[in-house]
**Student:** 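Below is one structure. I have some questions about it.
Predicted model only: the values in this text are computed from it and were never measured. A, B, ... follow the sequence lines: proteins, then strands. Residue 1 opens every chain.
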Number of protein chains: 2
Amino acid sequence: MLRYAILELLHHKPLSGYDLRRRFGGSIVFFWKANHSQIYPELKRMENEGLLSAKRVPHEWRPTKKVYAITPKGQRDLEAWLRRRPKLQSVKDEMMLRCFAFHLVPADEADAQIRHHRDLHEERLRHYIAIRKDLERKHGRLLETADPILFWNVLTLRQAIAHERTYIAWCRWALRRHQAFRDRMERGHAHLAG
Amino acid sequence: MLRYAILELLHHKPLSGYDLRRRFGGSIVFFWKANHSQIYPELKRMENEGLLSAKRVPHEWRPTKKVYAITPKGQRDLEAWLRRRPKLQSVKDEMMLRCFAFHLVPADEADAQIRHHRDLHEERLRHYIAIRKDLERKHGRLLETADPILFWNVLTLRQAIAHERTYIAWCRWALRRHQAFRDRMERGHAHLAG
DNA sequence: ATAAACATGTAAACAGTTACATGATTCT
DNA sequence: AGAATCATGTAACTGTTTACATGTTTAT
C-alpha cells in the first residue's frame, strides 16, 4: 500500500526519500504514515520493478540527493490500483480492546484511560483543524475550489476531522455512562446494606 | 496485541484455538480480527512464555481439542498492559488514500468507488445493529445493565456503530460535494465556450 | 560548542494475510 | 455423494516499527 502513496506523491513531482518522508507529515498524514526506514527500501524495490527512475542530484554544499521520478509503468500501476474495488479493511483498535477488558481494572483507572485517550484525540483534532486553516489561508473557501487535487484533499481532511470528533464524543459519552453505572452500583449496595 | 485479546477471552473461561477463532467472529470483531493461522502459533508462544497452560481434551467421537487456560502470570501480564498509557495509533485508511488520488480517474469511477465503499459500510453497520438487537433480546435494556463485562462490551459496540455511521455520512456528503464540483466545472466550461 | 535540520541507509523484531495441508464428523 | 463444520497446524509473503549507524550543513 505504501507504494501507492509514494506513486501518488511522485505523480505531482520528483522527490527524494527525504522529501517524501516530510510529505508523510503533511496532508497525507490523515490516513497514512511512514517512517524513513520503510521509505528508502521501498523506493529501491520500486526502482528495480521499473515503477520509478532515480537520479543523483549533487548540491554544491549539501549532501547529494537521490531524486525519484514516476515512470509510465508506475503511472499505469497507480491507475490500475485506483480502479480496483477493495474489500473493507478489518478494524484494529487498541483502545477498544482495552475498553473491552476494563472490567478487570478499578473504575478510576478506566476513567483515567478514557480521559487520556480523549486528550490525545483532541490534540490530533486541533492539529487537523490547524492544517485546514492553513489551506483556507492559501486557497480561500475550500469547498468552492476548482482544483481537483485540492478538492479531493479537502474531502479526506473532512473525513479525518469527522473521525476525530466522533471519537472524542464517544469518550465523553463513555465517561458519563460510566459515572451513571458507578452510581447505580453504589445505590444497589446501599440498598442491600440498609 | 493479539495476545491481550486472547488473554481477555481466556480470562472468562478456557478455550481451544478453534473456539477462540470463533470468538473473533463475535463481539470482539468490532475492534479486532484474527485468522486461525495467527492464533495457533501465538497460543504456542504464549504457552512457552508461561502465560497459558494447555490440556489435551479427548472427545469420544470428535477430534481431540487442545484447551488453553490463562495462568496467574498471564493474568498479571494482562492487567499490567491495561494500566499502560498507549500512544495514539497512526491511521491507515486505504479508502482515504484512494480518495486522495481520485483526481487521476474519471469522475464516474470515483463516484462508483465511493458508492461501493458506502455499501460495504452499510452492510457492516447492519451486522453490528443485528448483534446489538441480539444482546438486547438476551439482556434487556443494555445501558441499564449491572454486569460490568456487558457494560464495557456495550460501550465498544456503541463506538463501532458510531464509527460506521460517521463513515457512511461522509460517503453521502462526498457524493453530494462531488456532484456540486462537477456541476461547477461544467458551468465553467459552458461559460468559456459561450 | 551544540542543537536542529539535511540526507540515507541497514538490521532485528514484530504483526498480519494468504495459501497450503490434512483429516474426522455431521448434515442434506 | 457432497457440503459444511469441527479441528489444527505450517510456509511464504507482505507490511510495519524500533533501534542502530553515519555524516554534513546551518543556525544559535
**Student:** Roughly, in whole Å, what's the span from NZ in B/K65 to C1' in D/dT8?
**Tutor:** 12 Å
**Student:** Does B/F31 have any ring pair (Phe, Tyr, Trp, His ring centres under 6.0 Å) partners at least two apart in sequence or in another chain, and if so, which?
**Tutor:**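 Scan of B/F31 (ring pair (Phe, Tyr, Trp, His ring centres under 6.0 Å), adjacent residues dropped) gives A/F100.
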**Student:** Tell me, do A/R83 and B/P106 make a side-chain contact under 4.5 Å, heavy atoms counted?
**Tutor:**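 A side-chain contact under 4.5 Å exists here.
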**Student:** Heavy atoms within less than 4.0 Å of DNA chain D: which residues of residues 15-25 of chain B have one? Give them sorted by number.
**Tutor:** B/S16, B/G17, B/Y18, B/R21, B/R22
**Student:** What side chain to side chain donor-acceptor pair (under 3.5 Å) pairs are there with at least one residue in residues 123-132 of chain A, not counting sequence neighbours?
**Tutor:** A/R124-A/E164
**Student:** How would you list, by chain and number, every residue that makes a salt bridge (Lys or Arg N to Asp or Glu O under 4.0 Å) with A/R137, sequence neighbours excluded?
**Tutor:** A/D134
**Student:** With sequence neighbours excluded, what pairs up with B/K66 under the salt bridge (Lys or Arg N to Asp or Glu O under 4.0 Å) test?
**Tutor:**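 For B/K66 there are no salt bridge (Lys or Arg N to Asp or Glu O under 4.0 Å) partners, ignoring immediate neighbours.
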**Student:** Could you check which residues of residues 84-99 of chain A get a heavy atom under 4.0 Å from DNA chain C? Sort them by number, please.
**Tutor:** A/K87, A/S90, A/K92
**Student:** Rounded to the Å, how far apart are A/Y68 OH and C/dG9 C1'?
**Tutor:**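 The answer, rounded to whole Å, is 10 Å.
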**Student:** Using atom CZ of A/R3 as one end and atom C1' of D/dT16 as the other, report the distance to the nearest whole Å.
**Tutor:**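 To the nearest whole Å, that distance equals 15 Å.
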**Student:** Which atom pairs, donor and acceptor, lie under 3.5 Å between side-chain atoms of residues 170-182 of chain A and protein residues at least two apart or in another chain?
**Tutor:**
residue : atom : partner : partner atom : Å
A/W170  : NE1  : B/L155  : O            : 3.0
A/R172  : NH1  : A/E122  : OE2          : 3.0
A/H178  : ND1  : A/D111  : OD1          : 2.7
A/Q179  : NE2  : A/D183  : OD1          : 3.1
A/R182  : NH1  : A/D108  : OD1          : 3.1
A/R182  : NH1  : A/D111  : OD2          : 2.9
A/R182  : NH2  : A/D108  : OD1          : 2.8

**Student:** Cation-pi check for B/W152 against A/R98: NZ or CZ below 6.0 Å from the six-membered ring centre and within 45 degrees of the axis, yes or no?
**Tutor:**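 No, A/R98 and B/W152 do not form such a contact.
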**Student:** Can you measure A/L2 atom CG to C/dA15 atom P for me and round it to whole angstrom units?
**Tutor:** 20 Å
**Student:** To the nearest Å, give me how far apart NZ (B/K55) and C1' (D/dT8) are.
**Tutor:** 19 Å
**Student:** Below 3.5 Å, can you tabulate the donor-acceptor pairs from side chains in residues 35-43 of chain A to any protein atom, sequence neighbours excluded?
**Tutor:**
residue : atom : partner : partner atom : Å
A/N35   : OD1  : A/K33   : NZ           : 3.2
A/Y40   : OH   : A/Y18   : N            : 3.4
A/E42   : OE1  : A/R45   : NE           : 3.4
A/E42   : OE1  : A/R45   : NH2          : 2.7
A/E42   : OE2  : A/R3    : NE           : 3.0
A/E42   : OE2  : A/R3    : NH2          : 3.1

**Student:** Please report the distance, rounded to the nearest Å, between CE in B/M46 and P in C/dC14.
**Tutor:** 14 Å
**Student:** Between residues 33-40 of chain B and DNA chain D, which residues have a heavy-atom gap below 4.0 Å?
**Tutor:**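 Under 4.0 Å from DNA chain D: B/H36, B/S37, B/Y40.
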**Student:** Quick one: which residue pairs count as a salt bridge (Lys or Arg N to Asp or Glu O under 4.0 Å) with a foot in residues 12-26 of chain A, not counting sequence neighbours?
**Tutor:**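 For residues 12-26 of chain A, and leaving out neighbouring residues, the salt bridge (Lys or Arg N to Asp or Glu O under 4.0 Å) pairs sorted by first residue read A/D19-A/R22, A/D19-A/K65.
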**Student:** Could you state the CD-C1' distance from A/E42 to D/dG15, rounded to the nearest angstrom?
**Tutor:**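 Nearest whole value for this atom pair: 9 Å.
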**Student:** Restricting to salt bridge (Lys or Arg N to Asp or Glu O under 4.0 Å), what partner residues turn up for A/E109, sequence neighbours left out?
**Tutor:** B/R85
**Student:** Apply salt bridge (Lys or Arg N to Asp or Glu O under 4.0 Å) to A/E144 and list each qualifying residue two or more places apart in sequence or on a separate chain.
**Tutor:** A/R141
